[in-house]
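Here's the structure, in structure tokens; my notes come after.
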2 protein chains.
Amino acid sequence: MAATLRDVAERAQVSMRTVSNVVSGYAHVSERMRRRVLDAIDELDYRPNPVARTLRTGRTGMLALVVPEIDVPYFSELARDVINAAAEVGYRVMIDQTGHDHDRERELLTGGDRTMLFDGILFSPLVTRTELLEMNARTSMPLVLLGEHEFDGRFDHVAIDNVQAAHDATTHLIRLGRTRIAAIGAQPDEQYSTPQQRTAGFEGALADAGLTPLRIEAAAHYRRADGYQAARSLLERDPRPDAIFCYSDLLAMGALRAVFDAGLRVPEDVAIIGVDDIEEGRYSRPSLSTVSLDTPFIARNAVARVVARIEDPDTDAVELVAPHALIARESTVGR
Amino acid sequence: MAATLRDVAERAQVSMRTVSNVVSGYAHVSERMRRRVLDAIDELDYRPNPVARTLRTGRTGMLALVVPEIDVPYFSELARDVINAAAEVGYRVMIDQTGHDHDRERELLTGGDRTMLFDGILFSPLVTRTELLEMNARTSMPLVLLGEHEFDGRFDHVAIDNVQAAHDATTHLIRLGRTRIAAIGAQPDEQYSTPQQRTAGFEGALADAGLTPLRIEAAAHYRRADGYQAARSLLERDPRPDAIFCYSDLLAMGALRAVFDAGLRVPEDVAIIGVDDIEEGRYSRPSLSTVSLDTPFIARNAVARVVARIEDPDTDAVELVAPHALIARESTVGR
DNA sequence: TTGTATGCGTTATCAT
DNA sequence: ATGATAACGCATACAA
């Protein structure tokens with residue numbers, strides 16, 4: 001069996017208190033005691049039990065990262081950055097996948113299941129703000145929202161300026177001289193605010209230029225297959241778009257392939273731009289123009305905020321907006 | 001403060017024992033008692049503390065999935081399947097990223113840090129078998145290895161037949177009539193067995209056909225940038241390869257782009273095939289021929305094995321080999 | 001069927 | 001600076 005603190009204490013002929021002091025690096029321990037304890041620890045191959053420590057201290061040293069789908073590149077790239085940022089401040093990360101399931105999200109937030117196993121949640125939500133409010137009322141788990149823009153001061157929040165990002169992408173298409181501009185990614189049946197904001201930015205940019213949307217195609221999720229289907233149906237209509245703004249890079253990857261399968265060229269016949277700047281888009285053919293979101297910034301600040309709230313639950317909620325930048329690649333400007 | 005079992009007991013005027021029975025769904029509780037307890041639980045909004053439960057039972061209900069990089073599509077797609085498979089049998093998954101760091105791997109396995117927070121480990125390792133042996137000697141954490149082939153009966157193991165997979169991919173290129181066949185993905189300085197096995201399959205298939213490798217290019221990691229660089233240096237040489245076998249799909253995505261940037265065509269000038277069958281390769285231009293690995297099979301069986309070992313630590317180690325299948329797409333056979 | 005009491009391994013309080 | 005001991009919240013052996 002694994003050795004316990006008590007075993008070490010007996011072996012070293014000291015009290016448990018002293019062992020605990022040594023283990024947790026307490027300052028006032030005489031050098032002689034420290035050596036004796038350290039030797040005993042070594043001989044018994046003692047390792048502190050984190051569960052017992054957690055029960056006592058109330059801290060698990062773990063954060064939960066909640067995303068819809070971990071195999072969507074934007075989320076896996078974000079997860080990578082979050083894991084690294086958390087490791088730097090001594091936290092580990094549990095990843096939860098909601099699979100677009102509202103009930104699953106709700107359960108995670110209300111602690112229905114096994115919450116309390118972590119000290120805080122980083123939440124890239126599908127749920128709406130109002131849903132969040134009622135949920136969070138029941139539990140006081142430190143929570144940081146990722147990626148939404150609406151803010152009412154009650155949640156820590158690392159946001160993306162979705163409206164502006166969509167506006168920038170659309171304006172880029174307009175400046176290329178495109179006039180029949182469509183979009184892919186609306187979710188009319190859902191209440192998620194991200195698509196709504198991107199639609200607002202898209203329509204706003206067109207209106208600013210005296211244009212109207214050719215069409216806004218829905219996408220159930222933001223996967224390649226959804227982008228492919230949406231682009232297909234866009235290309236079958238008359239008039240055909242000469243540019244498509246996709247609400248995510250992954251949608252754009254599907255759209256790219258659909259345009260190709262229809263026997264058309266990108267960007268000559270149809271220009272395509274996405275949002276996220278996933279690595280895949282830097283190698284695709286053509287490479288994908290996009291609006292780059294600063295995921296390291298998002299990860300670093302989200303972790304910093306949740307840790308701050310863990311350490312002081314009464315700290316004021318803060319909203320940060322992550323920088324974004326338009327990146328023009330082959331899918332809009334050619335080679 | 002959060003309500004405890006004791007609070008509920010007081011409120012319902014029963015013993016803690018009875019409350020515990022109700023909460024854990026124990027059969028022999030009278031209907032009257034159950035109601036009283038349930039009401040009290042509701043009124044106090046009581047939720048069991050999983051940490052305390054864990055300290056008592058020794059089970060956390062969590063598995064760790066250890067991968068080199070979560071944002072490599074093969075691993076994020078595997079993670080998705082593992083999370084789902086684990087959820088079905090009541091476990092949650094913590095994802096750990098080693099970042100190709102041997103020390104980090106070692107620490108995770110020896111429980112240096114905060115191990116014991118999970119009941120078992122699913123390990124997609126960089127380390128070699130011999131390293132594993134010494135490590136696992138120190139701790140008896142249930143462990144399942146993913147993806148390696150060598151087996152010595154001491155570890156549960158869901159394997160891939162890397163030699164055969166590489167052999168199949170290479171044979172496919174040979175049957176297309178290619179003769180100047182190169183490979184990308186060797187790691188001469190490392191001891192990982194996966195690249196070694198794929199090299200063996202590659203060389204074996206060529207030998208079977210009376211051919212010799214044109215060249216085997218190294219790749220430090222298996223990312224797009226590594227594939228791009230390796231393919232570039234392959235294309236600069238004379239004679240130029242007319243086919244390239246990449247040890248992973250992601251390497252192939254980089255190679256695809258490099259061939260394109262060199263002004264050549266795939267598959268006319270250079271045929272390319274990978275291994276993994278990531279979703280990206282189904283949408284790329286050209287779509288990527290590959291050897292498909294059955295990640296749902298791997299995930300399902302790995303979870304089943306680790307759970308079996310958690311429940312009975314003395315169960316015999318089992319090796320399973322996941323099926324694989326050659327999938328010919330545009331990057332070798334054209335449209 | 002239900003109650004009582006102990007211990008899981010640690011940290012923290014109170015002494016000394 | 002160190003020792004004795006009481007929690008942390010739960011599950012279970014043992015009793016009734």
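Chain naming here is simple, since letters A, B, ... match the order of the sequence lines and numbering starts at 1 in each.
- Whole-Å rounding puts the A:Gln13 CD to D:dA1 P distance at 22 Å.
- Shown here are the side chain to side chain donor-acceptor pair (under 3.5 Å) partners of B:Glu43, two or more places apart in sequence or in another chain: B:Arg11.
- Listed nucleotides C:dG3, C:dG9, C:dT2 differ in distance to B:Ser30; the shortest reach to its side chain belongs to C:dT2.
- Legend: residues meeting salt bridge (Lys or Arg N to Asp or Glu O under 4.0 Å) with B:Glu69, ordered by chain and number and at least two apart, are A:Arg80, B:Arg223.
- Every residue two or more places apart in sequence or in another chain was checked for a side chain to side chain donor-acceptor pair (under 3.5 Å) with B:Arg6, and none qualifies.
- Within the 4.0 angstrom heavy-atom criterion, no nucleotide atom of any strand lies near A:Val23.
- At whole-Å resolution of the value, CZ in B:Arg53 and C1' in D:dT12 are 13 Å apart.
- B:Leu55 has its CG atom 18 Å from the P atom of C:dT6, to the nearest Å.
- Within 4.0 Å (heavy atoms only), A:Met16 reaches at least one base atom of the nucleic acid.
- Comparing D:dT2, C:dT10, D:dG9 against the side chain of A:Tyr46 picks out C:dT10 as the nearest.
- Rounded to an integer number of Å, the gap from CG of B:Asp7 to C1' of D:dC10 is 13 Å.
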Donor-acceptor list for residues 301-309 of chain B side chains, cut-off 3.5 Å, not counting sequence neighbours:
residue: B:Asn301; atom: ND2; partner: B:Phe297; partner atom: O; Å: 2.8
residue: B:Arg305; atom: NE; partner: B:Asp156; partner atom: OD1; Å: 3.0
residue: B:Arg305; atom: NH2; partner: B:Asp156; partner atom: OD1; Å: 3.1
residue: B:Arg305; atom: NH2; partner: B:Asp316; partner atom: O; Å: 3.1
residue: B:Arg309; atom: NE; partner: B:Asp156; partner atom: OD2; Å: 2.5
residue: B:Arg309; atom: NH1; partner: B:Pro313; partner atom: O; Å: 2.9
residue: B:Arg309; atom: NH1; partner: B:Thr315; partner atom: O; Å: 3.2
residue: B:Arg309; atom: NH2; partner: B:Asp156; partner atom: OD2; Å: 2.9
residue: B:Arg309; atom: NH2; partner: B:Thr315; partner atom: O; Å: 2.8

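- Test B:Val89, B:Val82, B:Ile310, B:Ile121 against B:Leu63 for side chain to side chain contact (heavy atoms under 4.5 Å, CB included) and you get one pass: B:Ile310.
- For the side-chain contact (heavy atoms from CB on, under 4.5 Å) test, residues two or more places apart in sequence or in another chain that qualify with A:Val14 are A:Ala12, A:Thr18, A:Val19, A:Met33, A:Arg36, A:Val37.
- Here the C1' atom of nucleotide C:dT4 and the CD atom of B:Glu10 are 15 Å apart, to the nearest Å.
- Atom CZ of B:Arg59 is separated from atom C1' of D:dC10 by 16 Å (rounded to the nearest Å).
- Here B:Thr18 reaches the OP1 or OP2 of C:dG3: one of its side-chain N or O atoms lies under 4.0 Å away.
- Close to C:dT11, at under 4.0 Å from its OP1 or OP2, lies a side-chain N or O of A:Ser20.
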Identify the pairs formed between an N or O of the protein and an N or O of nucleotides 14-16 of chain C at a distance under 3.5 Å, and give each distance.
residue: C:dC14; atom: N4; partner: A:Arg17; partner atom: NH1; Å: 3.4

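- For the residue pair B:Arg17/B:Asn21, the side-chain donor-acceptor check at 3.5 Å is satisfied.
- Residues B:Thr4 and A:Arg6 each lie close to DNA chain D; by heavy-atom proximity, the contact nearer the 5' end of the strand is made by A:Arg6.
- To the nearest angstrom, P of D:dA1 lies 14 Å from CZ of A:Arg32.
- Atom CG of A:Asn21 is separated from atom P of D:dA1 by 10 Å (rounded to the nearest Å).
- Taking only side-chain nitrogens and oxygens, A:Thr54 never comes nearer than 4.0 Å to OP1 or OP2 of D:dC8.
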